[in-house]
Novice: 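Here it is: the structure, laid out below.
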Amino acid sequence: MAKRIDVSDLNIYYGNFLAVENVTVSIEPRSITALIGPSGCGKSTFLRSLNRMHEVIPGARVEGKVVMDGQDLYAPDVDPVDVRQHIGMVFQRPNPFPTMSIYDNVAAGIRLNNKKMKRADLDTLVERSLRGANLWNEVKDRLDRPGAGLSGGQQQRLCIARAIAIEPDVLLMDEPCSALDPISTLAIEDLMTELKERFTIVIVTHNMQQAARVSEQTGFFNLSGVGQPGRLIEFNSTEKIFSNPDEKATEDYISGRFG
Ligand SMILES: Nc1ncnc2c1ncn2[C@@H]1O[C@H](COP(=O)(O)OP(=O)(O)OP(=O)(O)O)[C@@H](O)[C@H]1O
Ligand SMILES: [Mg+2]
């Protein structure tokens with residue numbers, strides 16, 4: 001079930017380095033939120049902080065709050081593994097389990113949640129997830145082959161299939177289409193539009209047209225210089241961001257004057 005996320009006063013650190021400063025934002029359920037901004041401004045860092053993937057990096061930590069439907073995800077009694085089960089993620093670089101078969105890659109998360117699922121039910125879910133990620137036709141005859149044997153774009157779609165297979169409440173996608181051809185890109189955009197009926201989706205993208213096409217809300221991150229923290233400069237409806245943004249920096253960025 002789709003859930004809302006409320007972030008308040010979030011600072012995100014790598015050791016002593018403050019990478020993202022003071023983000024306060026609300027992410028609406030059953031919608032797509034796009035995050036844009038120049039390289040290094042902290043989009044991936046922010047995204048990983050939402051499902052507690054940030055802290056797997058030694059020395060990495062956050063200050064502030066991330067609340068999902070009233071539950072503080074950083075409260076001491078919350079298990080980060082549980083958070084990641086409910087907030088799925090597709091990474092900027094595809095990371096299938098290389099020696100695992102295509103089938104097992106998609107089934108991996110389901111098996112973790114539901115050890116006793118019947119093989120026929122699992123087959124159905126794997127097929128549905130692969131179809132959803134627009135990969136089924138290319139792999140249906142080699143489901144038992146290793147994930148590493150797929151092309152980069154196919155691996156990315158495999159990771160999308162793996163993420164949606166567990167029906168998370170929230171799906172975080174970090175430039176999911178950067179390695180994809182235009183046909184697969186449109187298929188993934190269609191998929192996102194379909195999925196937002198059930199999930200909350202946050203997508204990082206360098207593709208302005210994509211942000212404008214798929215999202216309801218857009219956040220623009222920026223940084224004032226090397227070594228400075230990234231900040232959320234503007235968060236508004238996508239329509240406003242791309243037609244009449246409040247901030248000049250947003251306008252400069254989307255019109256290609258920098259970044
Ligand atoms: N594992 C890490 N350890 C230390 N610093 C990091 C680490 N990952 C990212 N950073 C730093 O945090 C800042 C934000 O990086 P991040 O990857 O979040 O940017 P981004 O907006 O996603 O950029 P891109 O568009 O290139 O993907 C950068 O200064 C980066 O060098
Ligand atoms: Mg990134």
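Whatever order the structure lists ligands and atoms in, that order sets their numbers, starting from 1. No hydrogens, no waters, no symmetry mates; every other heavy atom, side chains included, goes into these values. Residue numbers run from 1 in the order of the sequence given.
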Novice: Check the surroundings of atom CZ in Arg145: do more than 12 heavy atoms from other residues, nucleotides or ligands lie under 6.0 Å from it?
Specialist: no
Novice: Taking only heavy atoms of Ala19 into account, list the atoms of ligand 1 that are under 4.0 Å away from them.
Specialist: 12 (O)
Novice: Where the Mg ion (ligand 2) is the corner point, what angle links OE1 of Gln92 with OG of Ser44, to 10°?
Specialist: 80°
Novice: For Glu189 and Gln210, test the side chains for any donor-to-acceptor distance below 3.5 angstrom and give the result as yes or no.
Specialist: yes
Novice: For ligand 1, does Phe17 get within less than 4.0 Å through its side chain, its backbone, both, or neither, judged by non-hydrogen atoms?
Specialist: side chain
Novice: When you look for heavy atoms under 4.0 Å from ligand 1, do you find them on the side chain of Ser39, its backbone, both, or neither?
Specialist: both
Novice: Can you report which non-hydrogen protein atom sits closest to atom 19 (O) of ligand 1, along with the distance?
Specialist: Gly42 N, 3.3 Å
Novice: Between the candidates Gly230, Ser178, Pro58, Ser44, which shows the shortest non-hydrogen contact distance to atom 22 (O) of ligand 1?
Specialist: Ser44
Novice: Nearest heavy atom to atom 15 (O) of ligand 1: which of Thr45, Leu47, Val56, Val226 does it belong to?
Specialist: Thr45
Novice: Hey, is the main chain of Met100 close enough, under 3.5 Å, to the side chain of Asn105 for a donor-acceptor pair?
Specialist: yes
Novice: Test your reading of the structure: does Gly40 have an N or O sitting under 3.5 Å from an N or O of ligand 1?
Specialist: yes
Novice: Looking at Glu175, which atoms of ligand 1 are within less than 4.0 Å of one of its heavy atoms?
Specialist: 25 (O), 27 (O)
Novice: Can a side-chain donor-acceptor contact be found between Ser101 and Asp144 if the only test is distance below 3.5 angstrom?
Specialist: no
Novice: When you measure from the centre of the six-membered ring of Phe91, is the NZ or CZ of Arg162 under 6.0 Å away and within 45° of the axis?
Specialist: no
Novice: Any carboxylate oxygen within less than 4.0 angstrom of a Lys/Arg side-chain nitrogen, looking at Arg198 and Glu167?
Specialist: yes
Novice: Could you tell me whether Glu216 and Lys196 have a side-chain N and a carboxylate O separated by less than 4.0 Å?
Specialist: yes
